[in-house]
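Taking it in order: structure first as structure tokens, then the write-up.
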2 protein chains.
Amino acid sequence: MARTGRPREFDREKAIETAMNTFWEKGFETTSLADLRTVLNLSSASFYAAFGSKKALYEECLKRYTDTCGEVTSYLDDGSKSPKQAIQSMLRHTVAVQTSSTSPQGCMAVLSGMNCCDDNKEVETLTFSVRKQTRDAIFRCVTRGIERGELAATTDAESYTLMLDSFVKGISIQAKDGATEEQLLAAVDYLLMNWTSPMN
Amino acid sequence: MARTGRPREFDREKAIETAMNTFWEKGFETTSLADLRTVLNLSSASFYAAFGSKKALYEECLKRYTDTCGEVTSYLDDGSKSPKQAIQSMLRHTVAVQTSSTSPQGCMAVLSGMNCCDDNKEVETLTFSVRKQTRDAIFRCVTRGIERGELAATTDAESYTLMLDSFVKGISIQAKDGATEEQLLAAVDYLLMNWTSPMN
DNA sequence: TATATTATAGATTAATCATTCCATAAAAGT
DNA sequence: ACTTTTATGGAATGATTAATCTATAATATA
């Protein structure tokens with residue numbers, strides 16, 4: 001059964017991508033509905049018919065982000081690599097995405113939903129859960145590193161994870177502040193010297 | 001010559017401290033003038049007579065922050081300590097401040113002025129310069145570490161600084177996300193294992 | 001006591017905020 | 001052709017934004 005009614009005149013998927021980039025660059029609170037209507041070239045009625053609300057659109061955009069360029073758990077949970085290699089490839093991918101000239105700098109989950117007013121605390125909660133997912137995946141990777149003997153058996157997985165994850169979250173600030181891919185890749189190399197690897 | 005006219009009924013210095021904490025916790029854009037008037041218990045006229053504008057007050061608050069609890073360059077430029085010890089004491093102080101229960105979590109220069117609308121780009125610029133000052137001080141410290149032989153002579157000071165500073169900036173996100181002082185101090189210890197110190 | 005100066009409370013402003021309403025248009029189903 | 005359904009453009013909504021205005025109050029100086 002095909003859809004009835006007047007067909008939409010714009011590509012909803014492309015609109016989400018465009019809105020994602022806007023939220024990513026400017027943040028949830030700082031992106032006004034007028035901003036969205038401008039970049040999407042939509043009337044108010046069309047916007048609300050298609051997306052429900054600014055907040056609902058943001059949720060779709062954040063999901064799009066974690067489903068595409070912001071996805072990192074696949075790197076960290078890749079059992080075909082050594083834990084150190086998994087962390088390394090995740091970090092390199094993260095640096096590449098966050099310094100790319102074709103998308104906003106930094107991580108959407110760090111930069112776009114950190115400070116919301118009381119009415120929009122769900123947005124903070126949502127971005128927090130994304131940040132937590134990354135941290136949990138790093139923890140799994142560190143745990144495997146200890147199990148495999150890549151890291152000392154005495155390593156406190158939680159603290160070591162927090163060390164790595166703090167660096168990861170800091171990349172967003174550096175990228176936003178103008179650090180280049182080359183500079184951050186070199187920083188990644190220095191960080192991983194910390195990871196004592198008797199095997200490679 | 002004493003000041004003439006009706007005396008102010010509130011303590012301007014205390015007001016700056018209070019406003020600083022509000023901006024620090026909620027961010028510049030998310031803190032409304034109504035919010036400020038509430039926490040300061042001030043009428044609009046009194047507010048503008050005393051501070052000029054929301055932006056001008058923010059500037060005073062950020063200066064207050066970097067002059068007090070947000071001050072870190074003194075740790076990094078302390079020549080009486082070894083460069084590694086200087087970095088370490090700076091990191092420990094930073095962790096203590098950013099996880100203290102008596103003030104907002106994280107760093108004001110990272111969290112309060114990251115995403116501003118077009119009218120308030122000066123606020124972004126201002127917080128950026130604060131972040132840059134910290135990075136420059138870390139760079140000086142790293143350079144001294146190389147000169148003294150604490151770090152390998154082949155160390156790229158810029159990249160190593162970026163590695164350390166990314167961690168520093170990431171502390172803000174972790175603190176805001178609920179990391180405790182103990183957890184972050186342990187993370188600091190793991191980070192500094194990276195700093196190869198033949199001398200201590 | 002009179003004047004100059006500054007602070008106060010509270011109303012007011014124009015702009016912007018996210019959202020909704022209304023009339024019309026374009027498609028599918030009967 | 002007619003009804004149902006959904007999308008559209010554009011005006012209108014009430015709330016909130018930062019900032020200003022008006023009138024009055026409290027101080028120092030002359």
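Convention: sequence-line order gives letters A, B, ...; per-chain numbering from 1.
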Report task. Examine the base of D:dA25 for any acceptor or donor lying under 3.5 Å from a partner atom in the side chain of B:R6, and report the outcome as yes or no. Result -> yes
Within this structure, what is the [atom1]-to-[atom2] distance between [X] and [N], rounded to whole angstrom?
{"X": "A:N41", "N": "D:dG10", "atom1": "CG", "atom2": "C1'", "value": "14 Å"}
{"X": "A:L42", "N": "D:dG10", "atom1": "CG", "atom2": "P", "value": "13 Å"}
{"X": "A:E9", "N": "D:dT5", "atom1": "CD", "atom2": "C1'", "value": "16 Å"}
{"X": "A:R8", "N": "C:dA28", "atom1": "CZ", "atom2": "C1'", "value": "16 Å"}
{"X": "B:R12", "N": "C:dA7", "atom1": "CZ", "atom2": "P", "value": "10 Å"}
{"X": "B:D119", "N": "C:dT16", "atom1": "CG", "atom2": "P", "value": "8 Å"}

Report task. Indicate whether OP1 or OP2 belonging to D:dA28 is found under 4.0 Å from a side-chain N or O atom of B:T4. Result -> no
Query raised in the report: Would you say a side-chain N or O of B:S43 is under 4.0 Å from OP1 or OP2 of C:dT8?
Result: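 Negative; the distance criterion is not met.
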Query raised in the report: Quick one: does NZ or CZ of B:R8 land under 6.0 Å from the six-membered ring centre of B:F10, within 45 degrees of the ring axis?
Result: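 Judged by the rule (NZ or CZ under 6.0 Å from the ring centre, within 45° of its axis), B:R8 counts as positioned above B:F10.
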Query raised in the report: When you check the gap from the basic side-chain N to the acidic O, do A:R144 and A:E150 get nearer than 4.0 Å?
Result: no
Query raised in the report: Salt bridge or not for B:K26 and B:E29, using N-O below 4.0 Å?
Result: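 No, this pair does not count.
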Query raised in the report: Taking the side chain as C-beta and beyond, is there a heavy-atom pair between A:L111 and B:M114 under 4.5 Å?
Result: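 Yes, at least one pair of side-chain atoms sits under 4.5 Å.
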Query raised in the report: Base, sugar-phosphate, or nothing: which does B:F10 touch, judged by heavy atoms less than 4.0 Å apart?
Result: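 Here B:F10 touches the backbone only, sparing every base.
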**Report entry** Proximity of B:F28 and B:Y58 rings by center, below 6.0 Å
**Finding:**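 Yes - the distance between ring centres of B:F28 and B:Y58 falls below the 6.0 Å cut-off.
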Query raised in the report: When rounded to the nearest 0.5 angstrom, what distance separates CG in B:L164 from CZ in B:F139?
Result: 12.0 Å
Query raised in the report: If the sugar-phosphate is the primed atoms plus P, OP1 and OP2 and the base is the rest, what is the B/S/- string for nucleotides 12-20 of chain D, using protein heavy atoms under 4.0 Å?
Result: -----SSBB
